[in-house]
Asker: 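One structure, pasted below without further comment.
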Amino acid sequence: MYERYDPKKVELKWQKYWAEKNIFKTEPDASKKKFYCLEMFPYPSGKIHMGHVRNYAIGDVIARYKRMRGFNVIHPMGWDAFGMPAENAAIKEGIHPAKWTYENITYMKKQLNQLGLSYDWDREVTTCSPDYYKWNQWFFLKMYEKGIAYRKSSFVNWCPSCMTVLANEQVIDNGCWRCDTAVIKKELEQWFFRITHYAKDLLKACDELKGWPEKVILMQKNWIGKSEGLEADFKVAGRDERIRIFTTRADTLFGATFVCLAPTHPLSEKLVVDKEALKKVKEHYGKEDEKIGLFTGHYATNPANDEKIPIYIANFVLMEYGTGAIMSVPAHDQRDFEFAKKYNLPIRVVIEPEQKSKLTEAYEDEGILVDSNSFSKLRSDVARIEIAKHIEKKGLGKRVINYKLRDWGISRQRYWGTPIPIIYCEKCGVVPVPEQELPVILPEDVKFTGTGGSPLAESEKFVNTICPKCKGKARRETDTMDTFVDSSWYFIAYCVDNGKINFQSLTPNPQSPISYWMPVDQYVGGVEHAVLHLLYSRFFTRVIKDLGIINSPEPFTNLLTQGMVCKETLKCPEHGWLLPEDVKDEKCIKCGKAVDIGRVEKMSKSKKNVIDPDHLINRYGADTSRLFSLFAAPPERDLEWSDQGVEGAYRFLNRIWGLLYKNKFKIQNSKFKIEELSSYQPSAVRLLRKTHQTIKRVTNDMEREYHFNTAIAALMELVNDLCSFEPKSDDDWKVFRFGIEALLLLLSPFSPHISEELWESIGNKKGILEQKWPLWDENIAKEEEIELVIQINGKVKAKIMIAAGQADDEVRGKALGEPRIQEIIKGKTLKKVFIVKGKLVNIVI
RNA sequence: GCCGGAGUGGCGGAAUUGGUAGACGCAAGGGACUUAAAAUCCCUCGUCCCCAAAGGGCGUGCCGGUUCAAAUCCGGCCUCCGGCACCA
């Protein structure tokens, strides 16, 4: 042990030690309770950022803590390795996406190990490896068999200049990210997963997710978006067709003055003669700018009152929701109101608001019905049901439940993703790739130009194939899968050792490691995945359960969504956003101009308000970096970066180091055994009590939703007491050693390297990772004396020390007898005295 | 617009069930050590009244209420953050 704390030396030593002993390797063990601790795996973008440091520090504390509590902990890590940045790098710099990705993984893996994270790397998965994406394809085929995967036509963002499909994040202000050309919607045949098949169950099961933050459940519920309503048929006058509409406001049915179809509705094409005009409306489809309509020249019959009302095509009506057609009630729907104003359509009030006013906007609230035949004078909520029943009775509709949730479009016109295992044969049509031919491997001979259609379409070798059915000429599907597919089941892949996934042989098998490890007990990650990733994972887990591979439909029992890492932004009037190191004394180091200090916001490369974890680890080490990010705020809240805060954490570890260095020989020679407390000096008793209290506080803070910040504060208090304790006798040294050992054990999940080093330095042979979490003794932790607060009329007037556990009468007597209290209550009548045990007396006069 | 969440010292945050507001850390000020600086150690630190002490007033976004007692419960508002947003 050196005099000076040198984090680099210490951390390297223990990282090596853990790796050599393969100490984080885990196997299923039916005799032990398992604990699955998981953090969201990163996209290998190049380097880790502070968000990763925080995320993985939180997960690692939990994993190490649970391990010390005796759980068989599985704590895996991997790489979400498919995605656009790799392809962008290929377009810009000519590096092959695979090379770029694997190089990044190598570097980032080194960084993660430098943080001292307790991963079982034997379970590592890399989603861009054929061993992994083979199973994406396998799941796809299984879903195709069950009708969960299907093909339909749908719209994508298209840049007419680059001649390429754009992802949503490549569309900036409705323009292409590369050339600014206005993006248009283009219709393509694409593959979908029928997540809507599980909509009802996904929604209902939200209430069972007791270990999830309320906020996330709410977001999921809103996303699924259940709404009850009525589907009703409007017959097209003079034709055989009917228009089926969906409404949640059947009570306004008598107020419908026109009907609107989505431009992509099958009937639109049939009813509209002027195809050019229809095309124009289509171009504005789904855009939020302006309401655009087109009169079809046809009329429809309102099933409630047989009135004939005009049929319009409207750009704001979505084919994806409901039936793709609506009845328009301009008096009671703001969108219809705007449309009616623009096209001069009648507005008919059928719900009377409480106070009448001029109709400058739609009245969307509930009220009493008017002008609605026999339903007039009914309240909205009643009428809604009565009118729906009436329509049902006439056989012109039915009550239905609709969900906002759409089927998941998984086709991407990109290279760096999982090829969709489908073959198109001129004779046999759509033919799935036979299971035994998986994986369909990404070809290498592809040029990355950033223009044109799907990059895979350029590879002749890939595209041209033989139909598995008729052996005739056929073409492969050239789209790849959305990368969210990869991350929807990776947590199941981890359960299989060495990444040797073979779901076929595991199906169905209750003895499989998957049954042992799943579900994830604690999932930790950013709240930005509250909807998509988490919902897709829930969907996939259901599909996999239906395949018999897994028992539970829910993947994650407990979820912790950590807050963002934030820092103030710095901007130079001349040089724009500045990195923290480009600023000295609030001035730009390039031009010396005063720097604008902006508000605290999420660290982002674009605003340069970032701290590079490499610098941090270099200067302070992993233990300090971890400790700071865990101490500065509770995990679920945003964390504001503070350089001084990091210094503080570093100082704390240095103090502990110094304390042990100074006393290590004495500590080494003191073997602690619980003796009679009465033989100890009062100061030693106090320290022993503080130690037990600290064990209790830290343990409770860990159990109580992982409040690491207060747990660390408790450790700081213990260190303060240890530092001011001056051991003299052998007993003192024993108590001191006990305090030090407890401190190191409790600190080890947060700052594992220094804890191991100091643990060893006081003569312990077995590593701290093999120790049990310490237990406290309630009798020793209990205070003998308590501070009693005496209030008069709710205001604190005195504080006295009294022995703990006294009867109320005695406490009351002591409070009233206190001179300062006597003085105040002299000559006054006591109305009442409240006693809060062990805490406070409130005298009301 | 709709749905959530949050507002506590100079700052990050604590206060677990309504019972001492401000734990712990940072910053700041003063002191010790040092030729000096850094590091370290000790003291002060919500605010106002008072020379000071003793003591007292005020204080958890704002206004009101319930209670012996409110950061905590209830009603109304303000600000900030997040999510959704033509979903019929």
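This is a predicted model, so every value here is computed, not measured. Naming convention: chains lettered A, B, ... in sequence-line order (proteins, then strands); numbering from 1 in each chain.
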Asker: Can a donor-acceptor pair be found, under 3.5 Å and without considering hydrogens, that links the side chain of H332(A) to the backbone of I351(A)?
Answerer: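 Yes, the answer is positive, given that a donor and an acceptor are paired below the 3.5 Å cut-off.
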Asker: Partners of K814(A) by salt bridge (charged side-chain N to carboxylate O under 4.0 Å, His left out), sequence neighbours excluded?
Answerer: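 Here no residue qualifies.
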Asker: Please work out if V329(A) contacts a base, only the sugar-phosphate, or nothing of the nucleic acid, heavy-atom cut-off 4.0 Å.
Answerer: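 Result for V329(A) = nothing.
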Asker: Work out how far the P atom of A6(B) is from that of C74(B), and round it to whole angstrom.
Answerer: 12 Å
Asker: Taking only Lys NZ, Arg NE, NH1 and NH2, and the carboxylate oxygens of Asp or Glu, determine whether E231(A) and R244(A) approach each other closer than 4.0 Å.
Answerer: yes
Asker: Across the strands shown, which category fits S642(A) at heavy-atom distances under 4.0 angstrom: base, sugar-phosphate, nothing?
Answerer: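 No contact at all - S642(A) keeps every heavy atom at 4.0 Å or more from the nucleic acid.
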Asker: Mind telling me if G9(B) is syn or anti? Syn here is a glycosidic angle within 90° of 0.
Answerer: syn
Asker: Measuring only the P atom in each nucleotide, how far is G46(B) from A52(B)? A whole number of Å is fine.
Answerer: 16 Å
Asker: Between C41(B) and C81(B), how far is it from one C1' atom to the other, in whole Å?
Answerer: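 The same atom, C1', in both gives a distance of 42 Å.
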Asker: Output yes when R384(A) and D381(A) qualify as a salt bridge under the 4.0 Å nitrogen-oxygen rule, no when they do not.
Answerer: no
Asker: Distance-only criterion, 3.5 Å: show the donor-acceptor pairs between side-chain atoms of residues 626-633 of chain A and protein atoms not counting sequence neighbours.
Answerer:
residue, atom, partner, partner atom, Å
R626(A), NE, F750(A), O, 2.9
R626(A), NH1, D60(A), OD2, 2.9
R626(A), NH1, L115(A), O, 3.0
R626(A), NH1, G116(A), O, 3.2
R626(A), NH2, D60(A), OD2, 2.8
R626(A), NH2, P749(A), O, 2.9
S629(A), OG, S625(A), O, 3.4
S629(A), OG, R626(A), O, 3.1

Asker: Does the side chain of N654(A) reach to within under 4.5 Å of the side chain of Y650(A), using non-hydrogen atoms?
Answerer: yes
Asker: Please state the P separation for the pair U72(B) and G19(B) - nearest whole angstrom.
Answerer: 11 Å
Asker: Using atom C1' of each nucleotide, how far apart are U66(B) and G75(B) to the nearest Å?
Answerer: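 Between the two C1' atoms, the distance is 11 Å.
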Asker: If you pin V531(A) and L405(A) to their nearest nucleotides in RNA chain B, which one's is more 5'?
Answerer: V531(A)
Asker: Looking at U20(B), does its base get a donor-acceptor pair with the side chain of E787(A) below 3.5 Å?
Answerer: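 Counting by modelled atom types and ignoring angles, a donor-acceptor contact under 3.5 Å is found here.
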Asker: Can N609(A) and T569(A) be said to form a side-chain hydrogen bond (donor to acceptor under 3.5 Å, both in side chains), step by step?
Answerer: CA-CA 5 Å; N609(A) 57 337; T569(A) 53; 5.9 Å; no
Asker: Can you check side-chain contact (heavy atoms from CB on, under 4.5 Å) on V565(A) and W641(A), steps first, answer last?
Answerer: CA-CA 7 Å; V565(A) 181; W641(A) 191 259; 4.3 Å; yes
Asker: Is it the case that the ring center of W408(A) lies less than 6.0 angstrom away from the ring center of F192(A)?
Answerer: no
Asker: Sticking with atom P, work out how far U60(B) lies from A71(B), rounded to a whole angstrom.
Answerer: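 Between the two P atoms, the distance is 7 Å.
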Asker: Please write out each protein N/O paired with an N/O of nucleotides 12-17 of chain B under 3.5 Å, distance rounded to 0.1 Å.
Answerer:
residue, atom, partner, partner atom, Å
G12(B), O2', A632(A), O, 2.8
G13(B), O3', N709(A), ND2, 3.3
A14(B), OP1, N709(A), ND2, 3.0
A14(B), OP2, R637(A), NH2, 2.7
A15(B), OP1, R704(A), NH2, 3.1

Asker: Given R538(A) and Q220(A), is the side-chain hydrogen bond (donor to acceptor under 3.5 Å, both in side chains) satisfied, shown in steps?
Answerer: CA-CA 11 Å; R538(A) 295 181 64 213; Q220(A) 294 230 339; 2.8 Å; yes
Asker: I'd like to check the side-chain hydrogen bond (donor to acceptor under 3.5 Å, both in side chains) partners of N700(A); sequence neighbours left out, ordered by chain and number.
Answerer: none
Asker: Using the C1' atom as the reference point in each nucleotide, state the distance between C68(B) and U16(B) in Å, no decimals.
Answerer: 24 Å
Asker: Return the residues of residues 832-845 of chain A meeting this criterion: a heavy atom under 4.0 Å from some atom of RNA chain B. Order them by number, or give none.
Answerer: F834(A), V836(A), K839(A), L840(A), N842(A), V844(A)
Asker: Between the protein and nucleotides 39-41 of chain B, are there any N/O to N/O pairs under 3.5 Å, and if so, what are the atom names and distances?
Answerer:
residue, atom, partner, partner atom, Å
C41(B), OP1, R655(A), NE, 3.4

Asker: Is any side-chain N of the basic residue among E778(A) and K696(A) closer than 4.0 Å to the acidic one's carboxylate O?
Answerer: yes
Asker: One pair to check against side-chain contact (heavy atoms from CB on, under 4.5 Å): Y661(A) and I656(A). What are the steps and the verdict?
Answerer: CA-CA 9 Å; Y661(A) 183 79; I656(A) 300 175; over 6 Å; no
Asker: Base, sugar-phosphate alone, or nothing: which one does N654(A) contact when heavy atoms must sit under 4.0 Å apart?
Answerer: nothing
Asker: What's the closest nucleotide to the side chain of F316(A) if the choices are C58(B), A88(B), U20(B)?
Answerer: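 Per side-chain heavy atoms of F316(A), the pick is A88(B).
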Asker: Taking only the side-chain heavy atoms of R820(A) (C-beta and beyond), determine which of A88(B), G55(B), U20(B) contains the nearest atom.
Answerer: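 The nucleotide sitting nearest to the side chain is G55(B).
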Asker: With under 30° as parallel and over 60° as perpendicular, where do the rings of F339(A) and Y343(A) fit, or are they tilted in between?
Answerer: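 Ring orientation, 0 to 90° scale: tilted.
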Asker: Taking side-chain hydrogen bond (donor to acceptor under 3.5 Å, both in side chains) as the test, write out the residues that go with S380(A), two or more places apart.
Answerer: D251(A)
Asker: Can you list, in residue-number order, the parts of residues 209-218 of chain A that come under 4.0 Å of RNA chain B, counting heavy atoms only?
Answerer: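 Within this stretch, L218(A) sit under 4.0 Å of the strand.
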Asker: Between T252(A) and V329(A) (side chain of the first, backbone of the second, donor and acceptor by atom type, cut-off under 3.5 Å), is there such a pair?
Answerer: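 No; zero donor-acceptor contacts below 3.5 Å.
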Asker: Does anything in residues 648-659 of chain A form a salt bridge (charged side-chain N to carboxylate O under 4.0 Å, His left out)? List the pairs, not counting sequence neighbours.
Answerer: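 Of all non-adjacent pairs touching residues 648-659 of chain A, none passes salt bridge (charged side-chain N to carboxylate O under 4.0 Å, His left out).
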Asker: From the set C3(B), U20(B), C24(B), return the single nucleotide nearest to any side-chain atom of N222(A).
Answerer: C3(B)
Asker: If you measure only the distance, is there a donor-acceptor pair under 3.5 Å linking the side chains of N402(A) and S227(A)?
Answerer: no
Asker: Run the side-chain hydrogen bond (donor to acceptor under 3.5 Å, both in side chains) check on E717(A) and Q693(A) step by step: do they pass?
Answerer: CA-CA 11 Å; E717(A) 282 186 39; Q693(A) 287 174 341; over 6 Å; no
Asker: Kindly write out the residues that satisfy side-chain hydrogen bond (donor to acceptor under 3.5 Å, both in side chains) with Y620(A), not counting sequence neighbours, or none if the list is empty.
Answerer: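 Result, side-chain hydrogen bond (donor to acceptor under 3.5 Å, both in side chains) vs Y620(A): E647(A).
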Asker: Looking across every strand, which nucleic acid part, if any, lies under 4.0 Å from K795(A) by heavy atom: base, sugar-phosphate, or nothing?
Answerer: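 Contact class for K795(A): sugar-phosphate only.
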Asker: Using atom CD of E726(A) as one end and atom P of C42(B) as the other, report the distance to the nearest whole Å.
Answerer: 11 Å
Asker: Would you measure the distance from the C1' atom in G25(B) across to the matching atom in C78(B) and give it in whole Å?
Answerer: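 The answer is 32 Å between these two C1' atoms.
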Asker: Note every stem involving RNA chain B: at least three consecutive Watson-Crick or G-U wobble pairs, i with j then i+1 with j-1, with both distances under 3.5 Å.
Answerer: B:1-7 with B:78-84, B:10-12 with B:24-26, B:28-32 with B:40-44, B:46-49 with B:55-58, B:61-65 with B:73-77
Asker: Under 4.0 Å, heavy atoms only, any strand: does S227(A) hit a base, just the sugar-phosphate, or nothing?
Answerer: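 Sugar-phosphate: the residue S227(A), judged by heavy atoms under 4.0 Å, touches backbone atoms but no base.
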Asker: Taking only heavy atoms on the protein side, list every residue of residues 558-567 of chain A lying under 4.0 Å from any atom of RNA chain B, sorted numerically.
Answerer: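 None - not one residue of the stretch has a heavy atom sitting under 4.0 Å from the strand.
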Asker: Using a heavy-atom cut-off of 4.0 Å across all strands, would you classify K226(A) as base, sugar-phosphate, or nothing?
Answerer: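 It contacts nothing in the nucleic acid.
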